[in-house]
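Since we're looking at a predicted model, the values are computed, not measured.
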Amino acid sequence: MELKTNYQYTYFIHPFVIKGGRYQNYILKMLKDKNCNLKIFQKERDLQLYKYFLPRAKEFLFSSFSYGNMKLKKLEELPIETRAALLAKNPCNIFEYVLKKDMQGKIEQNNGIFFTIQKIEIICFATGICFLAIKTNIEEYLEFNNVLNFNYKFRDINNEFANLESYDNIRIQTDSFADIKTLQEFIYGITGPNAEAARLNIDTERFLTYSYACINQDAWDNNNQFNQIKHQFIKYANILPADSSRDYEYEKIETFSKWKYAKLGLTKLGMMLFSSSNDINNYTILPEEYENQYFYTYILNLYKKIYLRKIELELKDITKIKKARKKFVEFTKNLWIQEITEDETGTLLNDKMQEVFELDKLYYEVKNKYDILYKELNIEKYKKSTRIIVMVLVISLLFNILNFMALQKWI
């Protein structure tokens, strides 16, 4: 039986890194771009997000929650350079790229997969680590196979060696981008050459994939068990095309399910939530939670992974060791040891992300290097102090000998 989708969207996430000392200029660039708006979070409008995150995590991710109308007005009245300087001090700033109104369906072209770009966010952390997140949708096409094929193909469009002709059967249905090539140019305009990301061994040519799909209930309900469509979930979780015959073991996918008719698959390449419309929550409440609370939980864990790599690299540079040690201590105190939510599902999901991203392993590798450097620096300080003490004692001894000799002559 061919699966049909009831609801679907996919975020493609592109990490990039702003070179040290240029972050404020990048914020200024975003503010000057007429198509970019600073995203302001408000308690009343974003209540579920506000309730989900604990204060420390909320302050780190969404500084604008603390903005009142008066503070926001004063911020907007400031010169743009001053505004950029103030925003650059926030732990995180999120910008929305304003898209032109989507075109109506190109019904004269009936081949290929048409998709719309519904939203673009640029999530910028003060450390220079940023994420470009592009939300896509192909909801006009009911076949789940199209979701598989689209996710598989689109995630590689930023590859410089990709043959654009291979993307002829996926077409952008928006006024903002004429074709895939234009979209590639847009991505480069946002991220730049990304040399810093390459230094951190971050794959910038393949998008991370964060996807939600709700299939029709006739494929997964009380009478039709999940095992009958498990192979489709495996392809979805591993971002494989519909015709893939690769044998992936289900057990090797990190799965998570707190819901009867929804299952989440998590790998290092992305996160996919696969659900059935047999539960009304799966096309009403859960898609919004997944797009907000769980999405920013995912981004936060990606950030931790990249930032730990950044600190690890800086600890190897003798000119940056002291600053790197300070950054590691602050990261541990302000982010690593802090819980991000008291939500039960969110806590379990956060733990799964940390496990898949191997954050504990990475953290303790960095900590070991930090401890070794700390001991070496202390030993060096001890040696230096000892040398100073010896020098003082020698000088004191010489001074006493000279005084004694002078006293003998006087007598």
Practice task
Please answer whether the main-chain N or O of Y294 pairs with a side-chain N or O of E289 as donor and acceptor at a distance below 3.5 Å.
Solution key: no

Practice task
Test side-chain hydrogen bond (donor to acceptor under 3.5 Å, both in side chains) on Y364 and D371 and set out the steps.
Solution key: CA-CA 10 Å; Y364 286 106; D371 289 340; over 6 Å; no

Exercise for the section: Please check if the side chain of K235 supplies one atom and the backbone of A242 the other of a donor-acceptor pair under 3.5 Å. Expected result: yes

Handout entry: pair L349-T297: side-chain heavy atoms closer than 4.5 Å
Key = no

Problem - Validation row, ring centre F60 to ring centre Y303 under 6.0 Å - result: yes

Exercise for the section: Kindly indicate whether the side chain of L362, heavy atoms from C-beta on, has any atom under 4.5 Å from the side chain of F357. Expected result: no

Handout entry: Side-chain heavy-atom pair K323, E314 within 4.5 angstrom cut-off
Key = no

Problem - Side-chain H-bond candidate by donor/acceptor type, T209 with N151, under 3.5 Å - result: no

Handout entry: Aromatic ring proximity, centroids under 6.0 angstrom, Y97 and F186
Key = yes

Problem - Flag side-chain contact, heavy atom, 4.5 Å: F331 against K304 - result: yes

Handout entry: More than 12 heavy atoms of other groups within 6.0 Å of E288 CD
Key = no

Problem - Donor-acceptor side-chain pairing of E291 and Y11 below 3.5 angstrom - result: yes

Exercise for the section: Return the minimal non-hydrogen interatomic distance between A262 and L286, and the atom names on each side. Expected result: CB-CD2, 4.0 Å

Problem - Pair F233 and F226, ring centroids less than 6.0 Å apart - result: yes

Handout entry: K310 with E196: basic N within carboxylate O range, under 4.0 Å
Key = no

Handout entry: Aromatic ring pairing F295/Y210, orientation class (parallel under 30°, perpendicular over 60°, tilted between)
Key = perpendicular

Practice task
Ignoring hydrogens and angles, state whether a donor on the side chain of Y261 or N222 is under 3.5 Å from an acceptor on the partner side chain.
Solution key: yes

Problem - Whether over 12 other heavy atoms sit under 6.0 Å from Y152 OH - result: no

Exercise for the section: Can you establish whether the number of heavy atoms outside E59 located under 6.0 Å from its atom CD is more than 12? Expected result: no

Practice task
Determine whether the side chains of Y363 and T332 contain a donor N or O and an acceptor N or O closer than 3.5 Å.
Solution key: yes

Exercise for the section: Using atom types as modelled and distance alone, determine if a side-chain donor or acceptor of T136 lies under 3.5 Å from a backbone N or O of T10. Expected result: yes

Problem - Ring centroid separation F125 to Y23 under 6.0 Å - result: no

Completion exercise
The reported gap from CZ in R325 to CD in E330 (rounded to nearest 0.5 angstrom) is 12.0 Å

Problem - Check: D218/N224 side-chain N/O donor and acceptor closer than 3.5 Å - result: no

Exercise for the section: Taking atom CD of Q338 as the centre, report whether more than 12 heavy atoms of other residues, nucleotides or ligands fall under 6.0 Å from it. Expected result: yes

Exercise for the section: Kindly say whether the aromatic ring centers of Y307 and F328 come within a distance under 6.0 Å. Expected result: no

Problem - Side-chain (S257) to main-chain (W259) donor-acceptor, under 3.5 angstrom - result: yes

Practice task
Please find out if less than 6.0 Å separates the ring center of Y212 from that of Y290.
Solution key: yes

Practice task
Compute the ring centroids of Y296 and F62, then answer whether they are less than 6.0 Å apart.
Solution key: yes

Problem - F144 vs F274, ring pair (Phe, Tyr, Trp, His ring centres under 6.0 Å): CA-CA, chis, key distance, verdict - result: CA-CA 11 Å; F144 182 68; F274 184 78; 5.5 Å; yes

Exercise for the section: For the residue pair D279 and K260, establish whether any side-chain heavy-atom pair is separated by less than 4.5 Å. Expected result: no

Problem - Under 3.5 Å: donor-acceptor pair, side chain of S66, backbone of S63 - result: yes

Problem - pair L38-R83: side-chain heavy atoms closer than 4.5 Å - result: no

